*Asks:* 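One structure is given below, represented as structure tokens, and several questions about it will come after.
This one's a predicted model, so the numbers in the text were calculated from it and none came from an experiment. By convention in this document, chain letters (A, B, ...) are assigned in the order of the sequence lines, proteins followed by strands, and residues within each chain are numbered from 1.
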There are 2 protein chains.
Amino acid sequence: MSENDRDSRKTSPYRLHGRVWIDGPEGTFLGYGRVVLLERIREHGSISAAARSMNMSYRHAWDLVESMNRQAPAPLVISRTGGRGGGGASLTEAGERAVRLFRNAWDAYKTFEKEYSRNLRF
Amino acid sequence: MSENDRDSRKTSPYRLHGRVWIDGPEGTFLGYGRVVLLERIREHGSISAAARSMNMSYRHAWDLVESMNRQAPAPLVISRTGGRGGGGASLTEAGERAVRLFRNAWDAYKTFEKEYSRNLRF
DNA sequence: CAGCGTTATGCATGGTGACATATTACGGTC
DNA sequence: GACCGTAATATGTCACCATGCATAACGCTG
């Protein structure tokens, strides 16, 4: 709920609330949680550390990464197994573009939501 | 999925998709399914017939109606038990206003979604 | 006053998705 | 070559929600 604007409650107990995704060939391609996951992978350098940092099970995080990689024209995340530190993962250029794509859509939606909530009267 | 525009897939496999609700004091107040339910109650004159018409269990429909009535300043649905036909339910004026309120928000969101999907490039 | 279909309510069940647990593979490092 | 932490994958468990069933109250109709 931290992503929401509660100001409109000052004037009305009702407010518009919503979520957006970007669908791909298999269904959900990018969503809020998926994109945060991508950003954490960039930040931490591994899927497991990213998952831990947002209290998500590694299994779930891995599934999401796999789903995104399958649906994108090029992998958003590349992972290395074994080696120094056991391996790791990092964002590709396509991954960076995907993050920007969704962030833009998200911001546009949030702008719409705020604007519409402003004059919501029941 | 019948509510979606698939035309944008002609140009790109990716499209924006989302859902909106109107939140009230307890959380969800009005959503797509809830408003369809209200409209069916108006159409059929009973909660159970409305639920049947949209393949929803009576129990679930009743819970939704109760949730909406609790959160609105005045009941959206009034119900009569016993009598001719066993009873029934109908939309109040507040119910009609609630339907319009959500339909307007829904339409506005759908317009935003179509417009944004039009120039979605990955 | 018996019958009917609906409201109103409790309770058991079943399916889905998120989560935890467990195991193997991997390949640099020491 | 043993160790380490991660990737990769299978399997089991739990919480939640919708559904289904079961029952009682209700009040007009015949």
Side-chain angles (χ1 to χ4, degrees), chain A residues 1 19 21 23 26-72 75-92 95, chain B residues 1 17 19 21 23 26-38 40-72 75-92 95:
Chain A
M1 264 264 241
R19 292 184 182 180
W21 306 266
D23 283 356
E26 297 180 6
T28 302
F29 171 47
L30 299 173
Y32 190 85
R34 287 170 183 241
V35 166
V36 170
L37 178 62
L38 291 180
E39 293 168 333
R40 299 291 177 98
I41 288 172
R42 175 177 51 199
E43 186 185 346
H44 292 95
S46 88
I47 296 177
S48 60
R52 273 197 304 275
S53 82
M54 54 194 295
N55 256 44
M56 177 184 287
S57 70
Y58 172 78
R59 180 62 212 254
H60 188 44
W62 186 86
D63 281 342
L64 294 179
V65 167
E66 233 243 349
S67 164
M68 290 187 275
N69 277 347
R70 266 201 317 268
Q71 298 187 71
L76 308 188
V77 172
I78 51 172
S79 53
R80 304 161 299 283
T81 171
R84 172 192 193 81
S90 54
L91 263 191
T92 65
Chain B
M1 266 263 240
H17 176 225
R19 292 184 181 178
W21 306 267
D23 283 356
E26 298 180 7
T28 302
F29 171 47
L30 300 172
Y32 191 86
R34 288 170 184 237
V35 166
V36 170
L37 178 62
L38 292 180
R40 299 290 177 100
I41 289 173
R42 174 175 54 197
E43 186 185 346
H44 290 96
S46 89
I47 296 176
S48 60
R52 274 197 303 275
S53 82
M54 54 193 295
N55 257 45
M56 178 183 285
S57 70
Y58 172 77
R59 182 63 215 258
H60 187 46
W62 186 87
D63 281 342
L64 294 179
V65 167
E66 233 241 350
S67 164
M68 289 187 276
N69 277 347
R70 266 201 316 269
Q71 298 187 72
L76 308 187
V77 172
I78 51 173
S79 53
R80 306 162 297 285
T81 170
R84 174 192 192 82
S90 53
L91 264 191
T92 65

*Asks:* Using the closest heavy atom to pick a nucleotide of DNA chain C for each, name whichever of A/H60 or A/G82 lands nearer the 5' end.
*Replies:* A/H60
*Asks:* Mapping B/G83 and A/G83 onto DNA chain C by nearest heavy atom, which one lands closer to the 5' end?
*Replies:* B/G83
*Asks:* Between the side chains of B/T28 and B/R34, is a donor N or O closer than 3.5 angstrom to an acceptor N or O?
*Replies:* no
*Asks:* Rounding to an integer number of Å, can you tell me how far A/I41 CD1 sits from D/dA7 P?
*Replies:* 8 Å
*Asks:* Nearest whole angstrom, please: distance from the C1' of D/dA18 to the CG of B/D63.
*Replies:* 10 Å
*Asks:* Would you kindly give the CZ-to-C1' distance between A/R34 and C/dG17, to the nearest whole Å?
*Replies:* 13 Å
*Asks:* Side chain of B/A89, heavy atoms from C-beta onward: which of C/dA25, C/dT7, D/dC28 has the nearest atom to it?
*Replies:* C/dT7
*Asks:* When you measure from the side-chain N and O atoms of A/S48 to the phosphate of D/dA7, is any distance below 4.0 Å, counting only OP1 and OP2?
*Replies:* yes
*Asks:* Does B/R59 reach a base, just sugar-phosphate, or nothing at all? Heavy atoms under 4.0 Å.
*Replies:* base
*Asks:* Does B/R80 reach a base, just sugar-phosphate, or nothing at all? Heavy atoms under 4.0 Å.
*Replies:* sugar-phosphate
*Asks:* Nearest whole Å is fine: how far is C/dT7 C1' from B/H44 NE2?
*Replies:* 17 Å
*Asks:* Over how many whole Å does the gap from B/N69 atom CG to C/dA8 atom C1' extend?
*Replies:* 13 Å
*Asks:* With a 4.5 Å heavy-atom cut-off, do B/H17 and A/F29 have their side chains touching?
*Replies:* no
*Asks:* More than 12 non-hydrogen atoms from neighbouring residues, nucleotides or ligands closer than 6.0 Å to CZ on A/R84, yes or no?
*Replies:* no
*Asks:* For the pair made of OH in B/Y58 and C1' in C/dG10, what is the distance, rounded to whole Å?
*Replies:* 13 Å
*Asks:* Could you tell me whether the phosphate oxygens of C/dT6, OP1 or OP2, come under 4.0 Å of any side-chain nitrogen or oxygen in B/R52?
*Replies:* yes
*Asks:* Measure the distance from CH2 on A/W62 to C1' on C/dA25 and round it to the nearest whole Å.
*Replies:* 13 Å
*Asks:* Just wondering, do A/H60 and A/L64 contact through their side chains at under 4.5 Å, heavy atoms?
*Replies:* yes
*Asks:* How close or far is atom C1' of D/dA10 from atom CD of A/E66, stated in whole angstroms?
*Replies:* 14 Å
*Asks:* Could you tell me whether the phosphate oxygens of D/dT19, OP1 or OP2, come under 4.0 Å of any side-chain nitrogen or oxygen in B/S57?
*Replies:* yes
*Asks:* Measure the spacing between CG of B/L37 and CG of B/L91 and express it to the nearest 0.5 Å.
*Replies:* 9.0 Å
*Asks:* On the nucleotide C/dA8, are OP1 or OP2 found under 4.0 Å from the side-chain N or O atoms that B/S79 carries?
*Replies:* yes
